[in-house]
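Down below is the structure, laid out as structure tokens.
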Amino acid sequence: MEFWGGDNPPFRTPVFVLTNRPAPTLVKEGGTSFTFVTDGIHSALDQAKAAAGGRNVDIAGGADTVQQYLRARLVDELQLHVLPVLFGAGLRLFDNLGLGAHALEPIRVVDTPGARVGYARHWPSWAWTPHRAPPWPTWRASM
């Protein structure tokens with residue numbers, strides 16, 4: 001099984017891959033290892049937190065992976081990359097969350113030559129109500 005980055009991937013940290021195909025852990029040069037997790041998002045996150053030793057844990061993946069973590073209320077902050085490219089068909093990131101409204105507190109926006117990167121703190125509906133709404137303008141996801 002070969003991964004992007006060859007023998008010396010740029011991650012320099014353990015990577016936990018959600019999959020339904022069991023595989024042995026791959027250890028690469030530079031401190032990167034790939035552990036294949038077949039028992040769900042909570043297990044993957046628990047293993048990543050243990051490996052992080054108190055540091056932040058990043059969750060990368062497609063819309064389905066991010067939706068699973070959002071539905072489980074396990075995301076504190078989102079980093080969204082907006083590219084001036086139409087990819088065609090695909091999954092919408094904020095569909096199928098099933099938790100009511102979600103507020104995103106804008107933290108910062110970084111413009112780069114190829115993309116606009118938005119950082120937002122995630123506040124699902126269970127964290128606020130119309131009587132106790134977040135004190136910032138909310139972003140609507142219309143993709």
Side-chain angles (χ1 to χ4, degrees), residues 1-128 132-143:
M1 187 178 295
E2 188 54 43
F3 279 83
W4 177 79
D7 290 332
N8 194 0
F11 306 112
R12 310 280 186 256
T13 189
V15 176
F16 299 88
V17 180
L18 283 169
T19 183
N20 59 4
R21 296 182 210 138
T25 297
L26 292 176
V27 178
K28 299 291 190 167
E29 296 174 19
T32 300
S33 62
F34 295 95
T35 300
F36 301 93
V37 181
T38 59
D39 53 347
I41 64 170
H42 290 91
S43 175
L45 184 58
D46 290 344
Q47 292 178 60
K49 284 181 174 182
R55 296 182 309 262
N56 288 339
V57 171
D58 291 338
I59 299 170
D64 183 61
T65 299
V66 175
Q67 288 171 356
Q68 289 179 61
Y69 281 98
L70 286 169
R71 277 193 304 268
R73 302 175 178 168
L74 297 171
V75 175
D76 298 321
E77 189 173 307
L78 294 173
Q79 179 179 342
L80 303 173
H81 296 240
V82 180
L83 305 172
V85 176
L86 296 175
F87 290 110
L91 298 176
R92 293 163 51 128
L93 181 61
F94 296 107
D95 276 356
N96 306 313
L97 296 181
L99 298 173
H102 290 254
L104 299 177
E105 173 190 0
I107 296 172
R108 69 182 182 279
V109 174
V110 178
D111 285 314
T112 68
R116 171 170 279 186
V117 181
Y119 298 84
R121 188 160 292 112
H122 176 248
W123 293 87
S125 60
W126 54 266
W128 55 277
R132 202 182 88 227
W136 56 83
T138 58
W139 293 352
R140 288 192 184 265
S142 56
M143 297 182 169

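Residues take their numbers from the sequence shown, with the count starting at 1. Reckoned from all heavy atoms, side chains included, excluding hydrogens, waters and symmetry mates.
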Checklist outcome for this item: Sorted by chain and number, sequence neighbours left out, side chain to side chain donor-acceptor pair (under 3.5 Å) with Asn20 holds for none
Next on the checklist: Under the side chain to side chain donor-acceptor pair (under 3.5 Å) definition, can you give me all pairs with a residue in residues 56-65, not counting sequence neighbours?
Outcome noted: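 Listed once each, the pairs are Asp64-Gln68.
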Next on the checklist: By the side chain to side chain donor-acceptor pair (under 3.5 Å) test, which pairs, at least two apart or in different chains, include something from residues 41-53?
Outcome noted: Asp39-Ser43, Ser43-Gln47
[X] versus [Y], closest heavy-atom pair with distance:
| X | Y | value |
| --- | --- | --- |
| Gly61 | Val66 | O-CG2, 4.1 Å |
| Ala44 | Val37 | N-CG1, 3.8 Å |
| Ala72 | Ile41 | CB-CD1, 3.9 Å |

Next on the checklist: Nearest 0.5 Å, please: how far is CG in Asp7 from OG1 in Thr32?
Outcome noted: 11.0 Å
Checklist entry - Between CZ of Phe34 and OG1 of Thr25, what distance do you get to the nearest 0.5 Å? => result 11.0 Å
Checklist entry - Does a side-chain heavy-atom distance below 4.5 Å link Leu45 with Phe16? => result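 The answer is no; the side chains never approach within 4.5 Å.
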Would you tabulate the side-chain donor-acceptor contacts of residues 8-15 under 3.5 Å, counting partners in other chains and residues two or more places apart, or write 'none'?
| from | atom 1 | to | atom 2 | distance (Å) |
| --- | --- | --- | --- | --- |
| Asn8 | OD1 | Arg12 | NH1 | 2.7 |
| Arg12 | NH1 | Pro9 | O | 2.6 |

Item to check | Verdict with supporting geometry, Tyr69 and Leu18, side-chain contact (heavy atoms from CB on, under 4.5 Å) | outcome: CA-CA 12 Å; Tyr69 281 98; Leu18 283 169; 4.0 Å; yes
